[in-house]
Amino acid sequence: RVQLTETGGDSVQAGGSLSLSCVHSGNRHSTFAMGWFRQAPGKQREGVAAIHRDGTTYYADSVKGRFTVARDDDKNILYLQMNSLKPEDTAKYYCAADEFLLRMRDASGVPDFLDWGHGTQVIVSS
């Protein structure tokens, strides 16, 4: 399994920005696809953004134009730049890794085929 550790969560005002990072253990095959998910209290975990080693990206409609996912495979780090944050972005954000990008894109809940970090909390106040 891939080891994943997220950092960067914080409390910010609406309209602000945050940058999340996820350091991973770098198993090449198991990190072809990497992504960010989030889970708000009482809600199902949902996909936010995903990126393949070839640069292909996917974003949830709710974050398009505001969030940017990127990866540095030399440093084994996944990033999520979050701009124009809204109170509804408040959630615990999780980093995930998988072999298949489309499987990650279509995932919901907490499927076993994804490797997960422990999450980092983002709070956006109005």
**OP:** Not counting sequence neighbours, which residues clear salt bridge (charged side-chain N to carboxylate O under 4.0 Å, His left out) with Asp115? List them please.
**Re:** Arg1
**OP:** Looking only at non-hydrogen atoms, find the nearest pair between Leu18 and Gly8 and report the distance.
**Re:** CD2-O, 3.9 Å
**OP:** Could you give me the CA-CA distance, side-chain angles and deciding distance for Phe67 and Leu85, then say whether side chain to side chain contact (heavy atoms under 4.5 Å, CB included) is met?
**Re:** CA-CA 9 Å; Phe67 290 11; Leu85 282 161; 3.9 Å; yes
**OP:** Give the cluster check for Tyr58 versus Trp36: same hydrophobic cluster or not, with ILVMFWY residues linked at side-chain heavy-atom distances below 4.5 Å.
**Re:** no
Original post:
Side chains of Asp54 and Thr56: donor-acceptor distance under 3.5 Å anywhere?
Top reply: yes
Subject >> Euclidean distance, Glu88 CD relative to Ser126 OG, rounded to 0.5 Å >> reply: 10.0 Å
Subject >> Between Trp116 and Phe37, ring centroids under 6.0 Å >> reply: yes
**OP:** For residues Met104 and Gly35, report the shortest heavy-atom separation together with the two atoms involved.
**Re:** SD-N, 3.4 Å
Original post:
Out of curiosity, Tyr94 OH to Arg38 CZ, how far, rounded to the nearest 0.5 Å?
Top reply: 13.5 Å
**OP:** Using a 4.5 Å cut-off on heavy atoms from C-beta on, say whether the side chain of Tyr79 contacts that of Val69.
**Re:** no
Original post:
Should Met34 and Cys95 be marked as a side chain to side chain contact (heavy atoms under 4.5 Å, CB included) after you check the CA-CA gap, both sets of side-chain angles, and the distance that decides it?
Top reply: CA-CA 7 Å; Met34 297 203 69; Cys95 176; 3.9 Å; yes
Original post:
Judged by atom type as modelled, is there a donor-acceptor pair below 3.5 Å linking the side chain of Gln121 to the main-chain atoms of Ala91?
Top reply: yes
Subject >> Ile51 CD1 to Thr68 OG1 distance, which is reported to the nearest 0.5 Å >> reply: 10.0 Å
**OP:** Would you name the heavy atoms of Thr7 and Thr120 that are closest together and state the gap between them?
**Re:** C-OG1, 4.1 Å
**OP:** Return the minimal non-hydrogen interatomic distance between Leu4 and Ala96, and the atom names on each side.
**Re:** CD1-CA, 4.3 Å
Original post:
If you measure from CD on Gln3 to SG on Cys22, what distance do you get to the nearest 0.5 Å?
Top reply: 11.0 Å
Original post:
Do the non-hydrogen side-chain atoms of Asp73 and Arg53 ever get within less than 4.5 Å of each other?
Top reply: yes
Original post:
Less than 4.5 Å apart, any side-chain heavy atom of Glu6 and any of Ser21?
Top reply: no
Original post:
Honestly curious: do Met82 and Val12 fall in one hydrophobic cluster under the side-chain, below-4.5 Å linking rule?
Top reply: yes
**OP:** Check the hydrophobic clustering (I, L, V, M, F, W, Y; side-chain heavy atoms under 4.5 Å; chains of links allowed) and say if Leu78 and Leu20 are grouped together.
**Re:** yes
Original post:
Which heavy-atom pair separates Thr31 from Arg71 by the least distance, and what is that distance?
Top reply: O-NH2, 2.6 Å
Subject >> Spatial distance of atom CZ (Arg103) from atom CG (Leu114) [nearest 0.5 Å] >> reply: 7.0 Å
Please list, one pair per line, the donor and acceptor atoms closer than 3.5 Å that link side chains of residues 105-113 to other protein atoms, with sequence neighbours excluded.
none

Subject >> Sub-4.5 Å side-chain heavy-atom contact between Val48 and Tyr59 >> reply: no
Original post:
Between Lys92 and His118, which heavy-atom pair has the shortest distance, and what is it?
Top reply: CE-O, 3.3 Å
**OP:** Taking Thr90 for its side chain and Pro87 for its backbone only, find out whether a donor-acceptor pair lies under 3.5 Å.
**Re:** yes
**OP:** In plain terms, say whether Asp89 and Arg66 are close enough for a salt bridge, that is, a side-chain N and a carboxylate O under 4.0 Å apart.
**Re:** yes
**OP:** Could you tell me the separation between the CG atom of Leu102 and the NE2 atom of His52, rounded to the nearest 0.5 Å?
**Re:** 9.0 Å
Original post:
Taking only residues at least two apart or on different chains, which pairs with a member in residues 76-86 satisfy salt bridge (charged side-chain N to carboxylate O under 4.0 Å, His left out)?
Top reply: none
